[in-house]
Trainee: 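The following block contains the structure, expressed as structure tokens.
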Amino acid sequence: MQTLAEGLRLPTNGLDYAILAIYFVVVLGIGFMARASVRTSLDFFLSGRSLPAWVTGLAFVAANLGATEILGMAATGAEYGVAVVHWYWIGAIPAMVFLGLVMMPFYYRSKVRSVPEFLLQRFDRSAHLLSSVLFAFAAILIAGVNLYALSIVVEALLGWPQWVAIVVAGLFVLVYITIGGLSSAIYNEVLQFFVILAALIPLTVLGLKRVGGWDAMSDALSQQHGGDFMTAWGGTGIGDPNPLGANWLTIILGLGFVLSFGYWTTNFAEVQRALSAKNLSAARRTPLIAAFPKIFIVFAVMIPGLVAAVIVPRIGTPDSGLTYNDAIPLLMQELLPSGVLGIAVTGLLAAFMAGMAANVSSFNTVFTTDIWQRYVVKDQPDTYYLRFGRLITAIGVLASIGTAFIAASFSNIMSYLQTLFSFFNVPMFVVFIIGMFWKRASMKSGVWGLVAGTTAAMVNYFWIYRGGVIDIPTDQGANFVSAIVGFVAGAVVMVAVTLFTAPKPEAELAGLVYGTESPSPDEELEEADRAWYRKPALLGWGAIVLAAACYLPYSF
């Protein structure tokens, strides 16, 4: 198991622990207050579809801003340099806008309780069951990554062994999610969003001051790693070497399209926040509101990673004694005084709980409504499924504790996450995108597209890349290629199967395929979007233009 460097013990005192204790009390208090609103399974799994757009929007971005995002993206910055901006400005914003403007009307009007349930309506039971199982498995693996990321911080804070930190932290999250359901998770995520920023901003500012500012940092890293380390697109010509080990084509197609759209549009841990919104307009604006802070968060996670690479020039190598994942704890130890250190530790714990809560709450929804209720125990009273949802939450947390030890074997947890996304999210995305835009796509093409996409991505990663059949310089570059292979394989198989199997009756496709008339009226949407500042299209294009403008200073 990968352990934190022995020297990284944070000099905490009573003030730091007091800040941490206050935060835990507030989190549990929110969970107990949310419990009063949980009367039905819809309340537990989707907050009764009653939340305003600003709440779901902040929860949407906070659910993604987990400890894996903070530790993982800082690790990516330390390992690959400024190229980390690709995961935000091309690898997130366009897909978030697409989700809000194009896909949320399909999700919300269909009244589905989960993303796999949409596949049941568009394709058939086999596609629904396979997608449910794949998603539930992926959610547990990703929740385990969050647990492992937290164990790094707790080990630095208290010196606990990692297995103790993983177990204790998992049980704490179990309590507040089981009590208050999705509402507890979402309202805590809104709080956690601000706590996370309060932790990252001082770390970023003090880090830059420590290394003499951006220019001095840039000069130092360019001397160590070459000029392309401090540019986003430099050296990404096909056949050219660069720190990321990927060219412009695999970045745009593998990350910017396949991985990005696969994650943001079909990952139920994110979409669930939008589905809990009070109406269709609020659901559409949820990812669009989240896109604006997402544009700028990259600086708060990238810069600490770059600073760590200056302070410890050989970070990530055996000689340094530090993994890339140690970048954030290293800066916390080096830069933060008492009090601010307590806020920073609290922020990382908040990030962990946001990320894990998102995956656990989506797991319990999918397992209960899409697997248990649909195929195992049918036609029970709603109170039965509410009780079972709480039970499966506990089982999911315990399973996550086990998968945390898998994540511990990776020196860069973001590379591990991208590997999981290429296996599970990308095949689901290809099935969604073809099913939504091609009426002829047959009922059986969905399940075979999932099988082909998942299998092809795994074969590319484990046999072609790991087996050395083709030389790909880095894990991240291999993930981009696996994503492209999985997408192409899934699409080709869906087209081939469609040619030989029956399409879904056109009367059953209303509102499920682009261009077909929705059975739900749009009066509510038009009324809610009347104010110019609430128009989804304006928000979406604004986010894309702003993200594109941010690229310019870091392009070459």
Side-chain angles (χ1 to χ4, degrees), residues 46 49 95 97-135 257-258 261-262 264-268 271-272 274-275 277 279-281 283-284 287 365-366 369-371 373-375 425-453 487 489-526 536-537:
L46 286 178
R49 287 197 174 98
V97 171
F98 184 81
L99 171 64
L101 298 184
V102 178
M103 295 186 72
M104 278 316 302
F106 292 97
Y107 284 139
Y108 201 87
R109 288 194 189 110
S110 63
K111 300 298 181 184
V112 295
R113 293 168 294 179
S114 70
V115 168
E117 190 175 350
F118 184 86
L119 291 184
L120 176 64
Q121 295 189 14
R122 174 59 185 88
F123 294 101
D124 61 6
R125 289 166 60 91
S126 56
H128 172 247
L129 179 59
L130 179 59
S131 64
S132 300
V133 171
L134 289 176
F135 177 82
F257 177 58
V258 180
F261 279 68
W264 291 103
T265 65
T266 66
N267 182 33
F268 186 49
V271 176
Q272 187 179 27
L275 287 177
N279 55 41
L280 176 56
S281 177
R284 296 181 78 196
T365 302
V366 168
T369 63
D370 291 285
I371 298 176
Q373 183 177 4
R374 179 76 60 176
Y375 300 104
N425 291 84
V426 168
M428 195 173 297
F429 171 63
V430 69
V431 172
F432 266 84
I433 205 70
I434 290 179
M436 279 186 173
F437 288 91
W438 189 29
K439 286 195 296 185
R440 177 66 180 83
S442 69
M443 291 187 290
K444 291 299 179 185
S445 67
V447 66
W448 289 110
L450 285 172
V451 171
F487 183 89
V492 169
V493 168
M494 284 191 72
V495 172
V497 171
T498 294
L499 297 178
F500 297 98
T501 54
K504 200 175 186 76
E506 192 164 337
E508 299 178 18
L509 296 178
L512 300 175
V513 179
Y514 196 79
T516 61
E517 185 177 351
S518 170
S520 303
D522 289 339
E523 289 83 359
E524 168 227 17
L525 173 63
E526 295 171 0

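The residues of the chain are indexed from 1 along the displayed sequence.
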Trainee: Does T265 use its side chain to pair, donor to acceptor, with the backbone of L99 at less than 3.5 Å?
Mentor: no
Trainee: Could you walk me through whether R440 and S442 pass the side-chain contact (heavy atoms from CB on, under 4.5 Å) test, one step at a time?
Mentor: CA-CA 6 Å; R440 177 66 180 83; S442 69; 4.3 Å; yes
Trainee: Relative to the ring of Y375, is the ring of H128 parallel (under 30°), tilted (30 to 60°) or perpendicular (over 60°)?
Mentor: tilted
Trainee: Measuring from atom OG1 of T266 to atom OH of Y107, what distance do you get when rounded to the nearest 0.5 angstrom?
Mentor: 6.0 Å
Trainee: For the residue pair G100 and P105, what are the closest heavy atoms and their distance?
Mentor: O-CD, 4.1 Å
Trainee: Side chains of E117 and T369: donor-acceptor distance under 3.5 Å anywhere?
Mentor: no
Trainee: Side chains of R125 and V447, heavy atoms from C-beta outward: is any pair under 4.5 Å?
Mentor: no
Trainee: Can you list every salt bridge (Lys or Arg N to Asp or Glu O under 4.0 Å) pair that touches residues 425-434, not counting sequence neighbours?
Mentor: none
Trainee: Might you point out which heavy atoms bring F123 and A127 nearest each other, and give the distance in Å?
Mentor: CB-CB, 4.0 Å
Trainee: Is atom CD of E506 surrounded by more than 12 heavy atoms (other residues, nucleotides or ligands) closer than 6.0 Å?
Mentor: no
Trainee: Taking the side chain as C-beta and beyond, is there a heavy-atom pair between M436 and F118 under 4.5 Å?
Mentor: yes
Trainee: Can you tell me how far CG of L280 sits from CE of M104, rounded to the nearest 0.5 angstrom?
Mentor: 7.5 Å
Trainee: One pair to check against side-chain contact (heavy atoms from CB on, under 4.5 Å): V115 and F135. What are the steps and the verdict?
Mentor: CA-CA 9 Å; V115 168; F135 177 82; over 6 Å; no
Trainee: Check whether any side-chain N or O of R113 sits under 3.5 Å from a backbone N or O of T365 as a donor-acceptor pair, and report yes or no.
Mentor: no
Trainee: Can you tell me how far CG of L450 sits from CE of M494, rounded to the nearest 0.5 angstrom?
Mentor: 8.0 Å
Trainee: Taking the side chain as every heavy atom from C-beta outward, state whether M103 and V271 have any atom pair closer than 4.5 Å.
Mentor: no
Trainee: Answer yes or no: is there a donor N or O on one side and an acceptor on the other, between the side chain of Y108 and the main chain of A277, under 3.5 Å?
Mentor: yes
Trainee: For atom OH of Y514, is the number of surrounding heavy atoms from other residues, nucleotides or ligands below 6.0 Å larger than 12?
Mentor: no
Trainee: Search all heavy atoms of W264 against all heavy atoms of A95 and return the closest pair with its distance.
Mentor: CB-CB, 3.8 Å
Trainee: Flag the pair R122 / L509 as yes when at least one side-chain heavy-atom distance between them is below 4.5 Å, and no otherwise.
Mentor: yes
Trainee: Between D124 and S126, do the side chains contain a donor N or O and an acceptor N or O under 3.5 Å apart?
Mentor: yes
Trainee: Shortest non-hydrogen contact from P116 to S132?
Mentor: CB-OG, 3.4 Å
Trainee: What's the shortest heavy-atom distance between L512 and E508, and which atoms?
Mentor: CD1-O, 3.4 Å
Trainee: Less than 3.5 Å apart, which donor and acceptor atoms pair up between the side chains of residues 425-435 and the rest of the protein, not counting sequence neighbours?
Mentor:
none

Trainee: State the CG-OG distance between L275 and S110, to the nearest 0.5 angstrom.
Mentor: 8.0 Å
